[in-house]
Structures are given as structure tokens and as C-alpha cells.
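Take a look at the structure below.
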Amino acid sequence: ELENLHNQLILENTKKVDIIAPLAKAEFVAEDDKNYLIIQEGRVLPSEYHDYGLSDLRDRIFELNSHSLQQLCSKIGVPMSYAGKCEAGVREFNIRHWLEKADGNSMFRCMVDGRDSRLRGIMSERYSPVDDSFIVDNLNRAIENSNLSNPLVTKTYTGEDMLRLQVTDGKKAVVGDTTLGFFVGNSEVGLSRIYIEMGLYTFTCTNGLRVPAFSMEFNRKHIGNISYNMISDNFQTQIGNIMNNFNHMRGYMRIANQITMKRHVFNKYIEESKNFSLSFKDSMKSRIHQLPAQGVLWNYVSEMTEEAHKYKELERMEIEKQAGLYMEQVVKKEVKKGRYELATV
């Protein structure tokens, strides 16, 4: 499956073009609810997938998606919320005015696909691009050299803004149908670092739970020289660390399935947390209201990860992370009180 994904991403790489150009020299055009940027000057960065030069790019007109428009607004100091409310003429006038005052070069990450040329992201000139294909290839190699007995790709997200994969060991059940694994992610347009971290996966409801606190996670910014060997070695080391935490994780899960708590306590945690959106809190209220007045910790945590399915990938990731941190917090508290014993290995 990873090999097929890698081949698909390699094909997409032939359409991706990176341009270093002065931001102030770009021309902004607004038409109805669409926005475009015309790149006037600059140079195309070398690529093993194509030999484009700036003069080869037809008209050099790129449609901005919501993410690249957000980045443009941030760079020139125009609030995205304001730009979104402006009619096309007003939006064009304001953004053009502040574009002219922009300093320095930017990296324009573009997709050139016939007439559908678009701008994926506007990055700093210091940004170090790392292709999703590079991540998948290194992950595949690391898995081949790992101690996973039956590696399964249990979750795949390959949107234009982010890559996110979950791999589990299908022969190692932590408890019931919940198995130990890890998340790997990358964003080619600045929404995420390169990372690999521990996770849990439940087969019956395709829930994912991030548990970064249980083992050292690998996390790398898109700055400086990011080498093939560095990514490959870190992935392999981290997979080993995660799978060596199997018994420790099983201890957490055993306790999480024994701790009982009041529904109103869990509801208070959701209400008071600063890590959730208002829409998530509102939808969780409905879920919590349908739960028994008292239940086990794992059931409450599962409600969070199940609700996370409804949200876009970035918010889903945060919900899954907070669910894991909440479980750890409650388990540690109960262990400290002497009510449960947790193995250290």
C-alpha cells in the first residue's frame, strides 16, 4: 500500500513547481470569490521531476486556495477575516496596496496542471521543502527494518495541505481490538512539521488516539538540510522505541478500562479546556448527555476520538492528541493515589 502511495505521489511531483521570487513584485487579482497571483519575476528551483524555467510557465497566473490566501494575508498584514468579507474590487485594491510594501523573497509552492495552475503555499525563502513522497519512501524502508510483526496502514490522509498516515501492528492487541501503532505526518505547505509519534487504533470504529507523551517523539522543522539518511534513521529508531513501549501501553489501557468516573466530571473537563473549538464542545455535550451517569475512562476517551471524525485533519489531530493526554493525566493521578499499579517497563 505504501509503495502504491509512493508511486502516486511521485506522479504528482511532476506537477509541483517551487519559485523563489520577490513578494512585492507579485500582482494580486480578485474575480468574484476567486483570487489569483501573477508571479512577475523569480527563478524556478531545480527539480528531479521536471525542467521548468520561469519563462516556461504559461502566464504565471496561479489561483490561491484558502491556505495560500491566508499565508499571503499574514505576510502583508491584512487580516484574513477582513479580506474574506471584501468584495472583489475592494479586496484586490487593499491586497495590492500592501503587497507593494512587502520585503524580501518568498517561496511560492505551485501546482502546474494544464490550465489548473494554483498556488499551494507561500513560504519563507528559508523553508526546506520535503516532499510527501520522500516521507512515504523512508517510512516504507523503516518498516521493512522494524520489529513490526504484521504492519498495517490503518489510516491514510493525503490532502494537498498535509500527509498523515497511521501504521499499526495487526498481531499485537493492547486490549480487545485496540492495537498499538504510530502516526507519521508532514506538510509541504507549512501546516505541520515532519513527525512520528505513538498512537492507538481501534478496528471496530476506526478510532485513532495519539499518545505522544508515552515515548519520545521525533519532530523536525522544515529548516536547514534535511537528509535522506537522517529521516530514515530517525523513523526506524522511533518505530523501535514505540513498539518497545507495548507492555507499558497495555498497562495504561488496562487501567483506563477499570477507572470509573462521573459523567459530570468528564463534561467539566470538555467545557473548561482551552484546546477545543466551540463547535466541538457543543457536539460533545450531546454525546456526553447520552452516556451513563458513570462509566469507565476508556469509554469517555473513545467518545472524543469518535467525534473527531467529523472535523478537518488539523482539528482532528488536536482532538486525538488531547484525548491521549487526558487519559494519561487521569491514569497517572489514580496510580499516584495508590489505587492502581503501573509497570515502568
Side-chain angles (χ1 to χ4, degrees), residues 66-67 70-71 73-74 79-81 84 154-157 159 161-166 174 178 180-187 189-193 195-202 204-215 217 219 249 252-253 255-257 259-334:
S66 59
H67 175 63
Q70 173 72 67
Q71 288 178 319
C73 288
S74 177
M80 177 72 167
S81 57
T154 43
K155 185 178 295 182
T156 303
Y157 178 82
D161 53 352
M162 183 177 296
L163 169 76
R164 189 183 184 217
L165 305 170
Q166 183 173 7
V174 178
T178 302
L180 184 63
F182 51 89
F183 288 98
V184 175
N186 179 51
S187 173
V189 292
L191 283 172
S192 168
R193 301 179 180 190
Y195 69 86
I196 177 170
E197 64 184 18
M198 194 169 173
L200 293 170
Y201 185 83
T202 303
T204 53
C205 55
T206 67
N207 276 13
L209 176 70
R210 297 168 69 196
V211 282
F214 296 132
S215 65
E217 65 180 36
N219 210 309
M249 192 68 245
Y252 265 88
M253 290 296 294
I255 295 173
N257 275 278
I259 294 174
T260 58
M261 55 189 302
K262 301 289 186 180
R263 180 177 61 193
H264 72 85
V265 174
F266 180 62
N267 186 66
K268 183 180 179 183
Y269 157 70
I270 296 294
E271 278 290 315
E272 296 181 352
S273 175
K274 298 179 180 179
N275 299 298
F276 303 129
S277 65
L278 290 176
S279 61
F280 176 76
K281 289 183 177 183
D282 288 342
S283 57
M284 279 301 297
K285 282 181 186 177
S286 177
R287 280 183 173 271
I288 294 170
H289 183 72
Q290 297 174 38
L291 295 174
Q294 181 168 297
V296 297
L297 170 62
W298 177 243
N299 289 347
Y300 289 117
V301 169
S302 295
E303 291 293 329
M304 293 174 66
T305 57
E306 181 68 23
E307 184 63 29
H309 287 195
K310 299 177 182 178
Y311 295 85
K312 291 183 179 180
E313 203 64 17
L314 270 179
E315 188 166 359
R316 176 173 179 166
M317 288 169 61
E318 182 62 26
I319 295 168
E320 291 172 348
K321 180 178 181 178
Q322 293 304 321
L325 291 173
Y326 179 68
M327 182 176 78
E328 180 200 29
Q329 171 191 328
V330 176
V331 169
K332 282 187 172 180
K333 184 177 179 181
E334 293 297 305

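Along the sequence shown, residues are numbered consecutively beginning with 1.
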### Message
Tell me if the aromatic rings of F183 and Y195 count as close, with their centers under 6.0 Å from one another.
### Response
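Between Y195 and F183, which both carry aromatic rings, the centre distance is not below 6.0 Å.
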#### Entry: Listed partners of R263 passing salt bridge (charged side-chain N to carboxylate O under 4.0 Å, His left out), at least two apart
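Expected list: none.
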### Message
With no hydrogens and no angle check, just 3.5 Å: does a side-chain donor-acceptor pair link Y311 and S283?
### Response
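There is such a pair (donor and acceptor under 3.5 Å, judged by atom type) between the side chains of Y311 and S283.
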Which heavy atom of [X] sits nearest a heavy atom of [Y], and at what distance?
X: L297; Y: Y326; result: CD1-CE2, 3.9 Å
X: G324; Y: L209; result: N-CD1, 3.3 Å
X: M327; Y: A256; result: SD-CB, 3.9 Å
X: I270; Y: K281; result: O-CE, 3.2 Å
X: H67; Y: V189; result: NE2-O, 2.8 Å
X: G190; Y: S187; result: N-OG, 3.4 Å

Measuring from atom [atom1] of [X] to atom [atom2] of [Y], what distance do you get when rounded to the nearest 0.5 angstrom?
X: E271; Y: F276; atom1: CD; atom2: CZ; value: 11.0 Å
X: L180; Y: L200; atom1: CG; atom2: CG; value: 6.0 Å
X: N186; Y: L191; atom1: CG; atom2: CG; value: 10.5 Å
X: Y157; Y: L314; atom1: OH; atom2: CG; value: 8.0 Å
X: N275; Y: F280; atom1: CG; atom2: CZ; value: 10.5 Å
X: Q294; Y: N299; atom1: CD; atom2: CG; value: 12.0 Å

[X] side-chain N/O to [Y] backbone N/O, donor-acceptor pair under 3.5 Å:
X: K155; Y: L165; result: no
X: Y252; Y: V331; result: no
X: S302; Y: W298; result: yes

#### Entry: Non-neighbouring partners of S192 that pass side-chain hydrogen bond (donor to acceptor under 3.5 Å, both in side chains), sequence neighbours left out
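By the side-chain hydrogen bond (donor to acceptor under 3.5 Å, both in side chains) rule, S192 matches no residue at all.
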### Message
Tell me which one of M304, E303, K310 satisfies side chain to side chain contact (heavy atoms under 4.5 Å, CB included) with E307.
### Response
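Of all the options given, the one that passes is K310.
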### Query
Between E315 and S277, does a side-chain contact (heavy atoms from CB on, under 4.5 Å) hold up when you go through it step by step?
CA-CA 9 Å; E315 188 166 359; S277 65; 2.6 Å; yes
#### Entry: side-chain contact (heavy atoms from CB on, under 4.5 Å) between F266 and M284, intermediate numbers included
CA-CA 10 Å; F266 180 62; M284 279 301 297; 3.8 Å; yes
### Query
Counting heavy atoms not belonging to K268, are there more than 12 under 6.0 Å from its NZ?
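No - once you tally the heavy atoms of other residues, nucleotides and ligands closer than 6.0 Å, there are 12 at most.
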### Query
Looking at E320, Q322, E197, Q166, which hits side chain to side chain donor-acceptor pair (under 3.5 Å) with R210?
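The passing option is E197.
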